[in-house]
A.B. asks: 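A single structure is presented below for examination.
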There are 2 protein chains.
Amino acid sequence: MTTPQRETSDGTVGRTLAVLDLVAEFGRPVRFAEILPKAGLPKATLYRFLQTLARQDMLAFDDNRQTYAPGMRLVRLAHSAWAQSSLAPVAQDVMDRLAREIGQTVHLAQLDNGAVLYVDKRNARQPVEMFAQSGKVGPAYCTGVGKAMLAHLPEDRLAQAIARQSFHAHTDRTLRTPEALRDELTRIRERGYALDDEEHEVGIACIAAPILSGNGRVIGAISVTTTTATTSREQLLALAGPVKEAAAQIAAAADTWRFPEHKQA
Amino acid sequence: MTTPQRETSDGTVGRTLAVLDLVAEFGRPVRFAEILPKAGLPKATLYRFLQTLARQDMLAFDDNRQTYAPGMRLVRLAHSAWAQSSLAPVAQDVMDRLAREIGQTVHLAQLDNGAVLYVDKRNARQPVEMFAQSGKVGPAYCTGVGKAMLAHLPEDRLAQAIARQSFHAHTDRTLRTPEALRDELTRIRERGYALDDEEHEVGIACIAAPILSGNGRVIGAISVTTTTATTSREQLLALAGPVKEAAAQIAAAADTWRFPEHKQA
DNA sequence: CATTAGGTTCCAAATAGTGAAACTCAGTTT
DNA sequence: AAACTGAGTTTCACTATTTGGAACCTAATG
């Protein structure tokens with residue numbers, strides 16, 4: 001896993017939120033004693049933070065099992081965040097169209113602290129797995145969307161991001177070094193799209209394009225995922241056009257996007 | 001809208017999170033000056049809080065327009081919350097089956113601070129509107145899921161919850177008083193399901209059942225929504241059986257649910 | 001050019017946060 | 001059954017952080 005390493009001291013609030021992250025990272029309800037060593041805080045301090053977070057509904061405390069897990073207040077807040085700050089609402093229509101056209105799984109992602117944050121998804125078939133996917137994070141160095149975004153990062157931010165990659169060899173095609181990654185990024189910039197050829201998971205390939213705002217900054221990426229069992233490399237490459245076009249459309253939409261004047265629901 | 005009125009002073013963290021809520025409530029990016037009057041905090045203090053939240057990625061600050069909106073960190077955190085603390089993962093299968101069986105929109109909700117928090121949804125047709133729905137909040141006094149849950153609240157919590165309802169008359173069938181609501185709740189307890197007969201929106205009706213844990217506490221509710229144009233009252237009432245059964249199955253699943261031992265993804 | 005209003009910074013006073021240590025309460029173990 | 005252990009909770013004197021009134025910047029505006 002990548003180390004978060006956010007602005008370390010933002011006073012009490014920063015420290016408390018760091019604990020919240022820590023609990024979330026576990027991915028399962030955790031006990032006080034499990035958090036303590038990872039938090040690097042005095043027992044009493046951590047205790048107070050957890051209490052506060054729980055009272056604030058940012059954490060849910062299970063009385064029986066004595067475990068902490070991220071709380072429901074976050075779900076409410078995230079809905080606002082997703083609707084207001086993510087690319088998802090802007091990209092809605094393009095995502096729908098692309099998914100319908102190609103009939104494959106489509107992902108929309110943004111870069112977050114050197115990791116890929118998926119913000120929306122259209123499934124190949126099943127209507128299942130709703131929110132299950134939005135908010136999910138994944139590695140940048142071995143995914144199509146991740147590499148597409150890294151390729152267009154300015155050098156300073158790229159260096160930071162690369163420093164955060166784990167370069168864990170998920171498959172034997174995974175890029176294992178910063179150098180290999182940088183080479184790949186150059187190639188991606190040249191051809192305008194990124195490929196993930198079973199670098200993250202055997203049997204899964206995808207093609208991704210960066211979404212670049214008017215001033216040239218990466219604001220996200222979009223990808224189409226296929227299985228090597230059902231789709232040849234040629235067929236995958238043939239999708240470069242549509243994917244790049246979709247990315248361009250989302251970029252255009254984002255540039256003109258003004259937040260719609262809602263009435264308070 | 002209902003007043004949140006959370007534990008007011010939890011020190012700096014509590015006050016800061018209250019500001020976060022405030023910003024989220026706007027439902028659109030807001031400027032400092034718009035927040036100031038609503039926050040009831042000194043200018044300098046509010047300013048510092050917003051700075052902190054933005055630096056922490058809990059808020060996103062738009063440099064050009066000088067607006068604050070909920071930040072992406074919330075989306076990441078909420079994914080954990082949704083997967084760990086909500087009923088959604090437990091209810092997955094039942095939701096899928098019910099939606100397939102009835103072919104109508106199905107909602108899964110939990111009670112949050114006197115309001116309804118939708119945590120999952122299956123759409124009638126289109127595969128659209130992902131996360132768009134999870135995390136959404138709605139009123140309790142005029143929705144099927146809301147009333148179903150209120151009906152099974154212990155008196156003290158019920159009184160609190162009722163005090164938070166706005167009793168705004170969305171339609172001419174909306175219940176307008178605590179008394180009318182309490183009567184309705186008694187009826188709901190008797191028959192085991194709740195109806196929303198165009199009380200929230202004209203043309204929309206739904207039937208909902210509470211999800212009760214082993215010890216009799218409400219842990220959520222499930223509903224099927226239909227339009228009066230396409231579904232008669234009789235047809236809607238005929239769904240009571242399947243909906244109640246689904247609720248019972250989710251309750252059973254929740255009672256046995258142990259969080260699956262994930263490997264860190 | 002004076003005025004206002006949104007936004008930002010200062011800094012002494014006051015408050016809220018800190019954490020070592022002591023305590024509680026189940027389960028052990030001897 | 002007394003002593004031990006380890007997880008969780010509380011205390012309290014010390015101190016670092018937070019606080020907010022007021023002053024200070026800008027742009028816009030009349």
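Below, read A as the first sequence line, B as the second, and so on, with proteins coming before strands; counting in each chain starts at 1. Quick note: numbers below take in every heavy atom, side chains included, and nothing from hydrogens, waters or symmetry partners.
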A.B. asks: Can you check the A:Glu34 CD to D:dG6 C1' distance for me, whole Å?
C.D. replies: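 About 14 Å, once rounded to whole Å.
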A.B. asks: Step by step, would you call B:Asp21 with A:Arg73 a salt bridge (Lys or Arg N to Asp or Glu O under 4.0 Å)?
C.D. replies: CA-CA 9 Å; B:Asp21 265 356; A:Arg73 189 181 185 179; 2.8 Å; yes
A.B. asks: With A:Leu185, which residues qualify under side-chain contact (heavy atoms from CB on, under 4.5 Å), at least two apart?
C.D. replies: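 For A:Leu185 the side-chain contact (heavy atoms from CB on, under 4.5 Å) partners, ignoring immediate neighbours, are A:Lys147, A:Leu150, A:Ala151, A:Leu158, A:Leu181, A:Ile188, A:Arg189.
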A.B. asks: If I take atom CD in residue A:Gln51 and atom C1' in nucleotide D:dT10, what distance separates them, rounded to the nearest angstrom?
C.D. replies: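 Checked: the CD to C1' distance equals 11 Å.
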A.B. asks: For residues 43-50 of chain B, which side-chain donor-acceptor pairs fall under 3.5 Å, sequence neighbours excluded?
C.D. replies:
{"from": "B:Tyr47", "atom 1": "OH", "to": "B:Gln51", "atom 2": "NE2", "distance (Å)": "3.2"}

A.B. asks: Could I get a table of every N or O pair under 3.5 Å where one atom is in the protein and the other is in nucleotides 28-30 of chain D?
C.D. replies:
none

A.B. asks: Just say parallel, tilted or perpendicular for the rings of A:His170 and A:His200, cut-offs at 30° and 60°.
C.D. replies: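 The arrangement is perpendicular - the two ring planes meet at more than 60°.
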A.B. asks: Not counting sequence neighbours, which residues clear side-chain contact (heavy atoms from CB on, under 4.5 Å) with A:Ala148? List them please.
C.D. replies: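 A:Ala148 satisfies side-chain contact (heavy atoms from CB on, under 4.5 Å) with A:Ala194, A:Ala208, A:Pro210, A:Ala221 only.
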A.B. asks: What integer distance in Å separates A:Phe32:CZ from D:dT10:C1'?
C.D. replies: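 That distance rounds to 12 Å.
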A.B. asks: Below 4.0 angstrom, N of the basic side chain to O of the carboxylate: do B:Arg15 and B:Asp10 qualify?
C.D. replies: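 Not counted as a salt bridge, because no side-chain N and carboxylate O are separated by less than 4.0 Å.
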A.B. asks: Quick one: side-chain contact (heavy atoms from CB on, under 4.5 Å) partners of B:Arg157, sequence neighbours excluded?
C.D. replies: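 With sequence neighbours excluded, B:Arg157 shows a side-chain contact (heavy atoms from CB on, under 4.5 Å) to B:Leu153, B:Pro154, B:Arg217, given in chain and number order.
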A.B. asks: List for me each residue that meets salt bridge (charged side-chain N to carboxylate O under 4.0 Å, His left out) alongside B:Glu34, sequence neighbours excluded, and say none if there are none.
C.D. replies: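 Only B:Arg28 meet the salt bridge (charged side-chain N to carboxylate O under 4.0 Å, His left out) criterion with B:Glu34.
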A.B. asks: Could you check whether the rings of B:His79 and B:Trp82 sit parallel, tilted or perpendicular, using 30° and 60° as the cut-offs?
C.D. replies: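 Ring orientation, 0 to 90° scale: parallel.
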A.B. asks: Where do B:His168 and B:Tyr141 land on the side chain to side chain contact (heavy atoms under 4.5 Å, CB included) test, with the steps shown first?
C.D. replies: CA-CA 9 Å; B:His168 170 77; B:Tyr141 70 100; 3.5 Å; yes
A.B. asks: List in chain and number order the residues that pass side-chain contact (heavy atoms from CB on, under 4.5 Å) with B:Ser80, two or more places apart in sequence or in another chain; answer none if no residue qualifies.
C.D. replies: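 Once residues adjacent in sequence are excluded, the partners of B:Ser80 under the side-chain contact (heavy atoms from CB on, under 4.5 Å) criterion are A:Ala24, A:Pro70, B:Gln84.
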A.B. asks: Report all interatomic pairs (protein N or O, nucleotide N or O of nucleotides 16-20 of chain D) with separations under 3.5 Å.
C.D. replies:
{"from": "D:dT18", "atom 1": "OP1", "to": "A:Thr12", "atom 2": "N", "distance (Å)": "2.9"}
{"from": "D:dT18", "atom 1": "OP1", "to": "A:Thr12", "atom 2": "OG1", "distance (Å)": "3.4"}
{"from": "D:dT19", "atom 1": "OP2", "to": "B:Arg48", "atom 2": "NH1", "distance (Å)": "3.1"}
{"from": "D:dG20", "atom 1": "OP2", "to": "B:Thr45", "atom 2": "OG1", "distance (Å)": "2.9"}
{"from": "D:dG20", "atom 1": "N7", "to": "B:Arg48", "atom 2": "NH2", "distance (Å)": "3.0"}

A.B. asks: Of all residues at least two apart in sequence or in a different chain, which pass the salt bridge (charged side-chain N to carboxylate O under 4.0 Å, His left out) check with B:Asp93?
C.D. replies: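 By the salt bridge (charged side-chain N to carboxylate O under 4.0 Å, His left out) rule, B:Asp93 matches no residue at all.
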A.B. asks: Can you name the atoms? Protein N/O to nucleotides 12-15 of chain D N/O, anything below 3.5 Å, with the distance.
C.D. replies:
none

A.B. asks: Taking heavy atoms of chain A and a 4.0 Å limit, find me the 5'-most and 3'-most nucleotide of DNA chain C within that range.
C.D. replies: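 Here the contact window of chain A covers C:dG17 to C:dA20.
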A.B. asks: Of all residues at least two apart in sequence or in a different chain, which pass the salt bridge (charged side-chain N to carboxylate O under 4.0 Å, His left out) check with A:Arg31?
C.D. replies: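 Testing A:Arg31 for salt bridge (charged side-chain N to carboxylate O under 4.0 Å, His left out), a comparison that skips the adjacent residues, returns none.
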A.B. asks: Could you tell me how far apart A:Arg31 (CZ) and D:dG6 (P) are, to the nearest whole angstrom?
C.D. replies: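 Result: 14 Å.
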